[in-house]
2 protein chains.
Amino acid sequence: MSQTSNIQPLIEDLAKREQEQQIACEDCSLYRLCLPLGLHRDDLLLLDEIVMRSGNYQAKQSLFTATEAFSTLFVVRSGSFKTMISTSNGREQVTGFYFPGEFVGLEALHMPSYQSSAVALETSSICALPYQKVQALGEKLPRLQSQLLNRLSKELAGDKNFMLLLGKKTSEEKLATYLLSLSKRFELRGFSAKQFVLTMSRSDIANHLGLAVETISRVFTKFQDDGLIKTEGKVVSLAEIERLQALCG
Amino acid sequence: MSQTSNIQPLIEDLAKREQEQQIACEDCSLYRLCLPLGLHRDDLLLLDEIVMRSGNYQAKQSLFTATEAFSTLFVVRSGSFKTMISTSNGREQVTGFYFPGEFVGLEALHMPSYQSSAVALETSSICALPYQKVQALGEKLPRLQSQLLNRLSKELAGDKNFMLLLGKKTSEEKLATYLLSLSKRFELRGFSAKQFVLTMSRSDIANHLGLAVETISRVFTKFQDDGLIKTEGKVVSLAEIERLQALCG
DNA sequence: CGCGCGTTTGACATGACTCAAATGCTGTGG
DNA sequence: CCACAGCATTTGAGTCATGTCAAACGCGCG
């Protein structure tokens with residue numbers, strides 16, 4: 001009993017700090033997924049010092065644009081983002097969706113400007129890491145660099161896989177693959193693998209998968225008719241993960 | 001005169017060592033493009049020690065396969081390679097082509113096995129970097145890590161751009177974009193931007209661009225009929241780079 | 001409550017694919 | 001050194017998956 005009454009204020013404090021985004025990396029619920037993994041306690045404090053826990057973003061608010069000068073790496077703290085790249089004549093490709101613990105903007109760290117733009121899909125918050133400071137800290141903490149390398153490599157591997165989807169899969173295979181990929185990512189974050197919210201619009205999904213909105217809509221209804229999934233607006237339930245898996249090509 | 005006679009043996013020695021692939025990073029003609037850029041002389045010697053200048057590969061010979069355990073990063077020394085990834089049911093996507101000074105296998109460095117496979121397109125040679133040793137050296141040489149980060153980031157940026165091609169471009173835009181991208185890469189290596197050899201087959205190109213061989217063949221002939229390019233088997237000449245550029249979408 | 005955007009559905013068009021066959025090239029063995 | 005086999009490339013004809021256009025629907029926001 002006395003234990004409970006001791007702990008309670010601590011929990012409240014934590015919740016309050018988390019809400020105010022003052023929480024240290026060490027105590028962050030994303031610790032397991034985020035950059036600091038593998039760093040020692042002392043190193044973490046150094047990392048903490050350069051992390052700017054930035055204010056909230058509203059849906060459709062821009063995190064950065066393609067032409068803007070690159071200076072900062074972002075990690076999603078809560079909510080979700082999409083990134084896009086566009087042709088000179090204005091066609092756009094959604095290059096990725098980003099969830100808590102994931103880095104946005106890694107493809108820019110070798111050049112003067114972000115080449116893509118990032119936009120919040122819902123009310124979201126991020127941690128901002130001024131890249132110059134990350135580099136400086138990296139000189140002292142090789143494990144930090146290694147973590148970054150891993151992150152980049154992971155994203156690269158994901159993108160190679162995505163090329164397979166874009167280049168070789170049918171519309172049904174594309175959507176099945178996409179839904180399962182989301183499912184895995186949510187599961188990794190401790191959410192249900194079977195039911196989740198699609199924070200992005202159908203048209204974002206369509207664009208990302210190299211399809212027309214109408215096609216995505218049709219495949220959604222087909223999957224539903226076939227009993228593979230259930231949709232209610234933005235909420236999807238995967239009813240038959242195995243059969244979906246078989247559909248991935 | 002005496003100078004010439006002094007230098008001549010040195011040049012011959014260099015050529016011989018280059019041929020035998022014993023040449024040090026410091027003296028390598030790819031220095032400008034490769035990993036060591038930005039390292040100090042002393043650091044270079046350390047890097048030299050872990051680089052294994054591997055034997056030749058013949059056309060169609062495998063550098064690594066998707067299931068093989070990851071242990072080594074490769075840098076193309078001469079020739080060219082393609083990488084592929086495949087679906088469970090055997091469809092393949094060519095994920096990239098690699099020329100001298102470029103890294104192959106970067107997407108694997110966070111996981112136990114190469115997820116893609118790499119194959120030589122012609123007689124080629126590589127430098128092999130055991131990744132464990134790179135990591136160990138990286139602890140001492142932050143600039144080495146930074147270089148690696150840059151490489152990864154550059155490849156990532158290229159892949160994001162390639163998503164735009166796969167997802168949003170027509171067959172003509174795809175081929176035009178592809179030819180110009182090759183042109184730029186060759187130019188960077190000191191070769192002609194206007195005329196070069198396509199070491200990969202039409203079917204490799206088609207696969208990479210998410211098209212059928214027949215389509216690629218037709219677009220090649222169309223471009224030729226339109227006076228944009230000239231082809232003679234594997235040799236292409238870009239006759240009107242500007243107009244090609246305009247076609248990129 | 002109503003407007004507007006996002007989504008769904010239907011009808012039709014088309015770019016790229018598939019299948020088929022001719023042509024050309026390359027490497028190999030006689 | 002030539003001839004042939006086998007693969008790569010080109011060309012043609014017809015089909016199909018997905019895109020486009022159009023319209024109805026409905027949910028969510030103001």
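Chain letters run A, B, ... following the sequence lines, proteins first and then strands; every chain starts at 1. Worth saying up front: this structure is predicted, and the values here are computed from it rather than measured.
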Whole angstrom value for the distance that separates P of D:dT10 from CG of B:D225: 12 Å
For residues 176-185 of chain B, tabulate all N or O donor-acceptor pairs below 3.5 Å that involve a side-chain atom, not counting sequence neighbours.
{"from": "B:T177", "atom 1": "OG1", "to": "B:K169", "atom 2": "NZ", "distance (Å)": "3.2"}
{"from": "B:T177", "atom 1": "OG1", "to": "B:E173", "atom 2": "O", "distance (Å)": "2.5"}
{"from": "B:S183", "atom 1": "OG", "to": "B:A193", "atom 2": "O", "distance (Å)": "2.7"}
{"from": "B:R185", "atom 1": "NE", "to": "B:E102", "atom 2": "OE2", "distance (Å)": "3.1"}
{"from": "B:R185", "atom 1": "NH2", "to": "B:F97", "atom 2": "O", "distance (Å)": "2.5"}
{"from": "B:R185", "atom 1": "NH2", "to": "B:E102", "atom 2": "OE1", "distance (Å)": "2.9"}
{"from": "B:R185", "atom 1": "NH2", "to": "B:E102", "atom 2": "OE2", "distance (Å)": "3.4"}

Compute both the distance and the angle, then confirm whether B:R189 meets the cation-pi test with B:F99: under 6.0 Å from the six-membered ring centre, within 45 degrees of the axis. no
Check each residue of residues 81-94 of chain A for a non-hydrogen atom within less than 4.0 Å of any atom in DNA chain C, then write out the ones that pass by number, or none. none
If we only count heavy atoms from C-beta on, is the A:V76 to A:F81 side-chain gap below 4.5 Å? yes
Integer-rounded Å distance: C:dC5 C1' and A:D204 CG: 13 Å
Do B:L165 and A:Q93 have side-chain heavy atoms sitting under 4.5 Å apart? no
Could you tell me the separation between the CG atom of B:L121 and the P atom of D:dA8, rounded to a whole number of Å? 13 Å
Let me check the geometry of the helix from C:dC1-D:dG30 to C:dG30-D:dC1. What is the bend angle between the axes at its two ends, five pairs each, to 10°? 50°
Kindly state each residue pair satisfying ring-ring contact (aromatic ring centres under 6.0 Å, His included) with at least one member in residues 230-249 of chain A, sequence neighbours excluded. none
Whole angstrom is fine here: how far is it from CZ in A:R202 over to P in C:dG6? 13 Å
What distance separates A:S78 OG from A:N56 CG, expressed to the nearest 0.5 Å? 6.5 Å
Integer-rounded Å distance: D:dT9 P and B:I205 CD1: 8 Å
Using only atom types and a distance under 3.5 Å, with no angle test, would you say the side chain of A:D159 pairs donor to acceptor with the backbone of B:L156? no
Provide a list of protein-nucleic acid N or O atom pairs under 3.5 angstrom, restricted to nucleotides 24-30 of chain D.
none

Please check if the side chain of B:K194 supplies one atom and the backbone of B:L238 the other of a donor-acceptor pair under 3.5 Å. no
Euclidean distance, atom NZ of residue A:K168 to atom P of C:dA16 [Å, nearest integer]: 14 Å
Would you indicate which nucleotide in C:dT7, D:dT9, D:dT18 comes nearest to any side-chain atom of B:K234? D:dT9
Within-4.5 Å side-chain heavy-atom neighbours: B:V119 and B:Q61: no
Residues A:D226 and A:R243: closest non-hydrogen pair is O-NH2, 3.2 Å
Nearest heavy-atom neighbours spanning A:L228 and A:L244: CD2-N, 4.1 Å
Counting only side-chain heavy atoms from C-beta out, which of C:dA16, D:dT18, C:dT7 sits nearest to A:S171? D:dT18
May I ask you to list the residues of residues 206-223 of chain B, by number, that have any heavy atom positioned under 4.0 Å from an atom of DNA chain C? B:G210, B:L211, B:A212, B:E214, B:T215, B:R218
Salt-bridge contact B:K234-B:E122 (side-chain N to carboxylate O under 4.0 Å): no
Between the side chain of A:S86 and the main-chain N/O of A:G90, is any donor-acceptor distance below 3.5 Å? no
